[in-house]
Amino acid sequence: MNISFAFKNFDPSEHLKKYGRRRIEKLGRFFGKSAGLDINVVMTVDKFRNLCEVNVSGEGLHINASEDSNDDMYAAIDLVTDKVESQIKRKVSRVKEQRRKERNADINVFTYNVEAEDENDQQIVGTERFAPKPLHIDEALMQLNSIGSDFLVFLNAENDRVNVIYKRRVSGYALIDPIL
């Protein structure tokens, strides 16, 4: 996380920089140890107005916030960091909600009778709907063995795609991983 400060119409103090850096670095808990973020902090003084602007950019994230205070620059820094924090929380909750919706999406699975005698009379016998659980391949293999079925449809946790693992007739197992 790269933090840069710019000061307009007043002389910067080291204490103000340290305070601003400390408040901005607390926002790092939302990003993890992401080094790809650039944070620009611009502090401006106009007569009785103290203005603080923060721009966060990088890794698909662009957040801009500005706040002013009549008291002092420290109050403006507090207000703007609170505003940036609320914007980050909204963004994170939006992303989590999108992932939750994608995970719970229903996938239609059609079952049909393979041993139909007449090729023209093939009919769909039934339909099953289920929400596949995200599993790793080794977990899916263990579940396939435990349920005693010939195949298992699951959501691959490594690539977030629907996969099918099945027992081969000869020996071993095979994996169907469609690329859309």
Side-chain angles (χ1 to χ4, degrees), residues 1-107 129-143 153-165 175 177-180:
M1 192 164 42
N2 301 323
I3 303 172
S4 63
F5 292 94
F7 300 92
K8 293 182 181 177
N9 301 334
F10 74 105
D11 294 327
S13 68
E14 282 301 314
H15 189 266
L16 188 62
K17 275 187 183 179
K18 284 182 184 177
Y19 183 78
R21 182 173 299 281
R22 213 173 34 232
R23 290 287 293 176
I24 298 293
E25 285 177 349
K26 285 184 180 180
L27 299 175
R29 68 176 188 251
F30 296 108
F31 305 119
K33 296 186 178 185
S34 175
L37 292 176
D38 292 322
I39 301 175
N40 298 321
V41 180
V42 179
M43 298 179 204
T44 308
V45 174
D46 291 327
K47 292 188 182 181
F48 300 108
R49 185 175 147 209
N50 297 298
L51 178 67
C52 183
E53 299 176 28
V54 175
N55 298 321
V56 180
S57 62
E59 296 186 8
L61 182 70
H62 300 288
I63 295 176
N64 299 323
S66 64
E67 282 290 330
D68 61 347
S69 172
N70 291 336
D71 300 332
D72 61 349
M73 189 57 74
Y74 296 99
I77 292 171
D78 290 339
L79 291 172
V80 79
T81 52
D82 291 342
K83 190 181 243 186
V84 169
E85 183 176 344
S86 68
Q87 288 182 12
I88 291 170
K89 284 180 181 178
R90 273 197 312 261
K91 178 94 171 168
V92 167
S93 67
R94 220 178 284 138
V95 168
K96 283 183 181 179
E97 185 64 30
Q98 287 173 349
R99 286 183 183 165
R100 205 173 292 130
K101 283 181 182 177
E102 289 174 2
R103 188 179 314 136
N104 294 332
D106 286 339
I107 297 175
R129 289 178 163 238
F130 73 102
K133 297 177 183 175
L135 299 171
H136 290 281
I137 295 174
D138 53 345
E139 294 171 339
L141 187 59
M142 288 185 340
Q143 189 169 355
V153 179
F154 67 100
L155 184 66
N156 193 336
E158 296 169 2
N159 58 18
D160 292 329
R161 292 193 299 246
V162 175
N163 289 353
V164 177
I165 191 167
L175 178 73
D177 185 13
I179 299 175
L180 304 175

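Every value quoted in this text rests on a predicted model; they were computed, and no experiment measured them.
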Return the set of residues passing salt bridge (charged side-chain N to carboxylate O under 4.0 Å, His left out) with Glu97 (not counting sequence neighbours), or none when no residue passes. Arg100
Please list, chain by chain and in numerical order, all residues satisfying side-chain contact (heavy atoms from CB on, under 4.5 Å) with Ala157, sequence neighbours excluded. Pro134, His136
Partner set under side chain to side chain donor-acceptor pair (under 3.5 Å) for Lys89, not counting sequence neighbours: Glu85
Shortest non-hydrogen pair, Asn156 vs Glu158, comes out as OD1-N, 3.0 Å
Test of understanding: with ring-ring contact (aromatic ring centres under 6.0 Å, His included), list the residues that count as partners of Tyr74, not counting sequence neighbours. His15, Tyr19
Which pairs with one or both residues in residues 73-82 pass salt bridge (charged side-chain N to carboxylate O under 4.0 Å, His left out), sequence neighbours excluded? Arg23-Asp78, Arg23-Asp82
For a quick test of reading the model, state the closest non-hydrogen atom pair linking Pro178 to Val162 and the distance between them. CD-O, 3.2 Å
Nearest heavy-atom contact between Ala65 and Val80 is O-CG2, 3.6 Å
Kindly write out the residues that satisfy side chain to side chain donor-acceptor pair (under 3.5 Å) with Asn9, not counting sequence neighbours, or none if the list is empty. Asp46
To the nearest 0.5 Å, what is the distance between CD1 on Ile165 and CD1 on Ile137? 7.0 Å
Would you please test Thr81 and Lys26 for side chain to side chain contact (heavy atoms under 4.5 Å, CB included) and show each step? CA-CA 9 Å; Thr81 52; Lys26 285 184 180 180; over 6 Å; no
Which of these passes side chain to side chain contact (heavy atoms under 4.5 Å, CB included) with Val56: Ile88, Ile24, Ile63, Asn64? Ile63
By side chain to side chain donor-acceptor pair (under 3.5 Å) - contacts of Asp68 (at least two apart): Arg49
Euclidean distance, Leu51 CG relative to Leu79 CG, rounded to 0.5 Å: 11.0 Å
Residues which pass side-chain contact (heavy atoms from CB on, under 4.5 Å) with Val95, listed by chain and number, not counting sequence neighbours: Arg99
Got a sec, which residues hit side-chain contact (heavy atoms from CB on, under 4.5 Å) with Ser57, two or more places apart in sequence or on another chain? Asp38, His62
Go through Lys18 and Arg21 one step at a time and tell me if the side chain to side chain contact (heavy atoms under 4.5 Å, CB included) criterion holds. CA-CA 5 Å; Lys18 284 182 184 177; Arg21 182 173 299 281; 5.7 Å; no
Approximate separation, where rounding is to 0.5 Å, of Asn50 CG and Asn70 CG: 8.0 Å
With sequence neighbours left out, what residues match Asp177 under side chain to side chain donor-acceptor pair (under 3.5 Å)? Asn159, Arg161
Can you list the steps and then say if Leu16 with Ile77 is a side chain to side chain contact (heavy atoms under 4.5 Å, CB included)? CA-CA 9 Å; Leu16 188 62; Ile77 292 171; 3.8 Å; yes
Any chance you could measure Glu53, atom CD, to Met43, atom CE, to the nearest 0.5 Å? 11.0 Å
Look at the aromatic rings of Phe10 and Phe7 and report parallel, tilted or perpendicular, splitting at 30° and 60°. perpendicular
With sequence neighbours excluded, what pairs up with Ala76 under the side-chain contact (heavy atoms from CB on, under 4.5 Å) test? Cys52, Ser69, Met73
Note: Ser4 and Asn40 closest approach over all heavy atoms is OG-OD1, 2.6 Å
